[in-house]
K.L.:
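Below is the structure I would like to discuss, written out as structure tokens.
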Amino acid sequence: MSEVVEKDLLTVSDLKIHFPIYKGLFRKKVGDVKAVDGVSFAIQRGETLGLVGESGCGKSTTGRAVLRLYDPTSGHVIFEDRDIASLSDSEMRATRPRMQMIFQDPQACLNPRMTVGAIVSEPLIEHTKLSPDDRKAKVRELLDAVGLNPDFVNRYPHEFSGGQRQRIGIARALALDPDFIVCDEPIAALDVSIQAQVVNLLEDLQRERGLTFLFISHDLSMVRHIADRVAVMYLGKIVELAPVSKLYSNPQHPYTQALLSAVPVADPKIEAKRQRVILKGDVPSPSNPPQGCVFCTRCPIAEKKCFTVPPEWRELKPDQFVACHLA
Amino acid sequence: MVSSTLRQLSEDEKSQAGQAHGADNVLEVRDLQTVFETQDGTVHAVNNVSFALKPGELLGVVGESGSGKSVSMMSLLKLLPMPPAKILNGEVLFDGRDLLQASEDELRSLRGGDIGFIFQDPMTSLNPVFTVGFQLMEPLRIHMGMNKKQARARAVELLELVGIPSASDRLKDFPHQFSGGMRQRVMIAIALACDPKVLIADEPTTALDVTVQAQIIELVKDLREKLGMAIVWITHDLGVVAGIADRVAVMYGGQIVEYADVDKLYDDPRHPYTRALLKTLPADEGLRMERLVSIPGQAPNLKGPLVACPFAPRCEEAHERCWSANPPLFEVQAGQKSACWLESEDTAGAA
Ligand SMILES: Nc1ncnc2c1ncn2[C@@H]1O[C@H](COP(=O)(O)OP(=O)(O)OP(=O)(O)O)[C@@H](O)[C@H]1O
Ligand SMILES: Nc1ncnc2c1ncn2[C@@H]1O[C@H](COP(=O)(O)OP(=O)(O)OP(=O)(O)O)[C@@H](O)[C@H]1O
Ligand code: SF4
Ligand SMILES: [Mg+2]
Ligand SMILES: [Mg+2]
């Protein structure tokens, strides 16, 4: 995949997204939730970057900012040499169909009063000139591709199970043949067989059309399968970024190590014997992150320096970047 | 360790109880059948589902997406919109009474009280216009009779228990200000608020990273041990089930197709769907698979009553009999049942 073209499709540099906190009768601003606090990465055309990390560390916010669903507090998102923050409304409208998102919360993006057929054909009506018949055929094809019975086109979202609803969102995101998709937990609600089917589909599309993915997920074995490189986030920052093989065989950041050691195994005998690594210590809040390293309050090996000096982002081994004093 | 003591305990209890319908079940479901009457026909979402739970036990429920896991559990407390949903048959025995016969008032006092429910989709059950604090404190005031101050203190404690940072500052926030996994944890906190006897958890940790998930699992183990809470845990994560369940129900086509003690299920799965499911797991180590394995074919559409094995069109071992009648659950050994004709006495003899 990555050997085809070496050009970056997307570059994110020093991205910050802060949500203001207001308090009191006069709604005075008293601080910020630093949801994303200085994140940088690049994704090559045709590549899949996995994004993993603690719940609430800013993954969805990063994904949304990349598609300009949030305006950055500071920093840049460059899509094909252009800063998307600088695009005019009409330019953004032209770019939209090429960048899609599969949302974490399917409920949030499915209009309950529209049938599945209408939901999936909406982007086709808005952005293509397909005839009604071609459109219908395309909708059936998309539903079939995500493992939904095409005869369900006239059903409403509430008539589906959680996993079926998630797949409606996937079909809709694929409708316009985008170049780039932010997949936010696209498979969490699906059974393993359908997960496999959806992941195979995403990989086929990537092979055939050079699609690029930012793949946000808590499923570390699936990320290992689908991603070329993986970024690990903690409290608004990326703490490690490396090619899949290096990250999984030789994780350098203590948070990455804790994460990998907690993956449950589908074998009751192994699970019964196993001592779970439970991270101890205060979970810091993004409105008041620790002084030094973001992980210091829970890090099992933290030293004095970790509490006062933020660690530098450095290339520890070829292509393996990490922000830790002790790595 | 906690888990081994517990498993020991339930093993003892089992041998004590001996017979099938032990009187000490907190929850017992028999022959539950739920349909949806829709414009284009009847959807047979749940077909003859039965299971039982003792205090402190955890039943894992896995299975195909759309196989009726959520609808089964929502039927227990009549949490479905009726119509279109209709419960045609069944008994749900809780504390000696049949919940399907209970009045709406009785059910209301059980929901969020003695029976806690974590819904699959946090955004549908958290109300977007109320703060998270209000939604946590409300059941405490209704079911536990707490005053505002007590409820507030307990709400903070609950949020801390599920690992939400600066809990007391966040009571005033609305659901959209939380991340996906935080909303899920708020749901967990609400369900646990009133020390329920039975907790029904529908995909409670899908939006959580594995370290937070491990924390929640540890919390649940504690509650089972200390309070004897009985739990139904629906999930797609076969690793999680392996770690926490005493028993597992595997669902397909609206029915339980395999029902077994956790070790037996993973050691020697006896239903072809369970076997196919366990084969679809991606590799944890070693070489990356070129392509992930999925089960070929379409899920059944449930448009009529089951007159054949619902798995037959996708089953590698299907034979004539599978197409002519829906197999009942056969006991293949103590602690393991499978709804597959291959396990019936006469077929086994013939094979
Ligand atoms: N209101 C409704 N009208 C018609 N059919 C419905 C309705 N609600 C659910 N169904 C159908 O009932 C079946 C069972 O749904 P259920 O939500 O229980 O599945 P599930 O096993 O929980 O799946 P998932 O793992 O995807 O959450 C599905 O096939 C679904 O399409
Ligand atoms: N609209 C908002 N207003 C205020 N705070 C917000 C808002 N959206 C997100 N946050 C906060 O920003 C932080 C990051 O949230 P985000 O949804 O990006 O997390 P995440 O990494 O996707 O987590 P998860 O894995 O649980 O989905 C959280 O602390 C969250 O509470
Ligand atoms: S009854 Fe027949 S079709 Fe059904 S699972 Fe068994 S062998 Fe397969
Ligand atoms: Mg998220
Ligand atoms: Mg469900």
Side-chain angles (χ1 to χ4, degrees), chain A residues 19 33 52-56 60-61 104-108 147 149 151 154-155 159-164 185 188-197 199-200 203 218 220-222 224-225 258-259 262-272 274 276-279 282-288, chain B residues 3-4 7 36 38 40 62-66 70 120-124 163 165-166 169 177-182 185 203 206-215 217-218 236-243 262-263 266 276-278 280-284 288-289 291-295 298-299 301:
Chain A
F19 297 105
V33 176
V52 305
E54 166 125 310
S55 166
S60 298
T61 307
Q104 178 169 19
D105 213 327
Q107 204 66 23
N149 191 330
D151 295 339
N154 291 322
R155 283 208 198 172
E159 298 179 67
F160 288 89
S161 76
Q164 291 167 334
E185 296 284 357
L190 310 178
D191 67 73
V192 230
S193 169
I194 304 279
Q195 282 185 2
Q197 194 182 329
V199 166
N200 287 340
E203 288 188 318
H218 289 305
L220 293 165
S221 30
M222 204 52 96
R224 176 176 185 266
H225 175 85
L259 206 57
V263 179
V265 186
D267 182 339
K269 291 196 201 77
I270 296 177
E271 283 289 317
R274 164 177 151 129
R276 276 179 198 291
V277 187
I278 308 269
L279 286 174
D282 287 339
V283 185
S285 157
S287 56
N288 184 21
Chain B
S3 65
S4 51
R7 209 159 279 144
F36 291 97
T38 69
D40 41 19
V62 302
E64 167 115 330
S65 167
S70 302
Q120 182 167 11
D121 198 339
M123 269 328 241
T124 48
S166 0
D169 289 342
Q177 294 172 301
F178 287 74
S179 79
M182 289 170 157
R185 282 180 277 166
E203 303 276 5
T206 39
L208 304 180
D209 67 274
V210 286
T211 62
V212 174
Q213 173 172 281
Q215 261 168 286
I217 286 174
E218 211 59 28
H236 289 302
D237 192 325
L238 296 161
V240 169
V241 171
V262 69
D263 298 327
Y266 284 81
L277 188 66
L278 288 170
T280 54
L281 290 173
D284 278 330
R288 176 185 180 279
M289 285 189 261
R291 244 180 127 65
L292 295 171
V293 189
S294 69
I295 306 172
Q298 278 271 0
N301 82 2

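Note on naming: letters A, B, ... go to the chains in the order of the sequence lines (proteins, then strands), and numbering restarts at 1 for each one.
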K.L.:
Side chain, backbone, both or neither: which part of Ile270(A) has a non-hydrogen atom closer than 4.5 Å to chain B?
P.N.:
neither
K.L.:
Considering all heavy atoms of both residues, which atom of Val210(B) and which atom of Leu259(A) are nearest to each other, and what is their separation?
P.N.:
CG2-O, 3.2 Å
K.L.:
What heavy-atom pair brings Asp237(B) and Pro264(A) nearest, and what distance separates the two atoms?
P.N.:
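Between these two residues, the closest heavy atoms are OD2-CG, 4.4 Å.
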K.L.:
Examine whether an atom of Thr206(B) lies under 4.5 Å from a heavy atom of chain A, and if so say whether it belongs to the side chain, the backbone or both; otherwise answer neither.
P.N.:
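For Thr206(B), heavy atoms of backbone and side chain both lie under 4.5 Å from chain A.
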K.L.:
I'd like to know if the side chain of Asp191(A) and the backbone of Gly63(B) have a donor-acceptor N/O pair within less than 3.5 Å.
P.N.:
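Checked: no pair found.
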K.L.:
Quick one: what part of Ala299(B) sits under 4.5 Å from any heavy atom of chain A, side chain, backbone, both or neither?
P.N.:
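Nothing of Ala299(B), per the 4.5 Å heavy-atom cut-off to chain A.
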K.L.:
Search all heavy atoms of Pro268(A) against all heavy atoms of Asp263(B) and return the closest pair with its distance.
P.N.:
CB-OD1, 3.4 Å
K.L.:
When you compare the side chain of Leu292(B) with that of Met222(A), does any pair of heavy atoms fall below 4.5 Å?
P.N.:
yes
K.L.:
Given heavy-atom pairs under 4.5 angstrom as the criterion, report whether the side chain, backbone, both or neither of Gln215(B) touches chain A.
P.N.:
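Gln215(B) touches chain A through backbone and side-chain heavy atoms alike.
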K.L.:
Against chain B, label Asp267(A) side chain, backbone, both or neither, depending on which of its atoms sit under 4.5 Å from a heavy atom there.
P.N.:
backbone
K.L.:
Which heavy atom of Ser294(B) sits nearest to which heavy atom of Gln197(A), and what is that distance?
P.N.:
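Smallest interatomic distance, heavy atoms only, reads CB-N, 4.0 Å.
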K.L.:
Which atoms of Ser285(A) are under 4.5 Å from chain B, going by heavy atoms: the side chain, the backbone, both sets, or neither?
P.N.:
both
K.L.:
Specify the closest pair of heavy atoms between Asp209(B) and Glu54(A), including all atoms of both residues, with the distance to one decimal.
P.N.:
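Minimum heavy-atom contact is OD1-CA, 3.3 Å.
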K.L.:
Flag the one option from Ile194(A), Leu190(A), Thr61(A) with the top tally of heavy-atom pairs under 4.5 Å to chain B.
P.N.:
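Counting heavy-atom pairs under 4.5 Å, the top option is Leu190(A).
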K.L.:
Hey, are the side chains of Asp151(A) and Asn301(B) touching, using non-hydrogen atoms and a 4.5 Å cut-off?
P.N.:
no
K.L.:
Would you say the side chains of Arg185(B) and Ser55(A) form a donor-acceptor pair under 3.5 Å?
P.N.:
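Yes - a donor-acceptor pair under 3.5 Å links their side chains.
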K.L.:
Need one label for Val293(B): side chain, backbone, both or neither, based on atoms under 4.5 Å from any heavy atom in chain A.
P.N.:
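For Val293(B), the contact with chain A is made by the backbone alone.
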K.L.:
Specify which of Asp169(B), Thr38(B), Leu238(B) makes the most heavy-atom pairs with chain A at under 4.5 Å.
P.N.:
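Maximum pair count with chain A is reached by Leu238(B).
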K.L.:
Hey, is the main chain of Val192(A) close enough, under 3.5 Å, to the side chain of His236(B) for a donor-acceptor pair?
P.N.:
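Pair absent, no side-chain N/O of His236(B) close to backbone of Val192(A).
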K.L.:
Name the region of Gln213(B), side chain, backbone, both or neither, that has any atom closer than 4.5 Å to a heavy atom of chain A.
P.N.:
side chain
K.L.:
Which atom pair, heavy atoms only, marks the closest approach of Asn200(A) to Arg291(B)?
P.N.:
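Minimum heavy-atom contact is CB-NH2, 3.5 Å.
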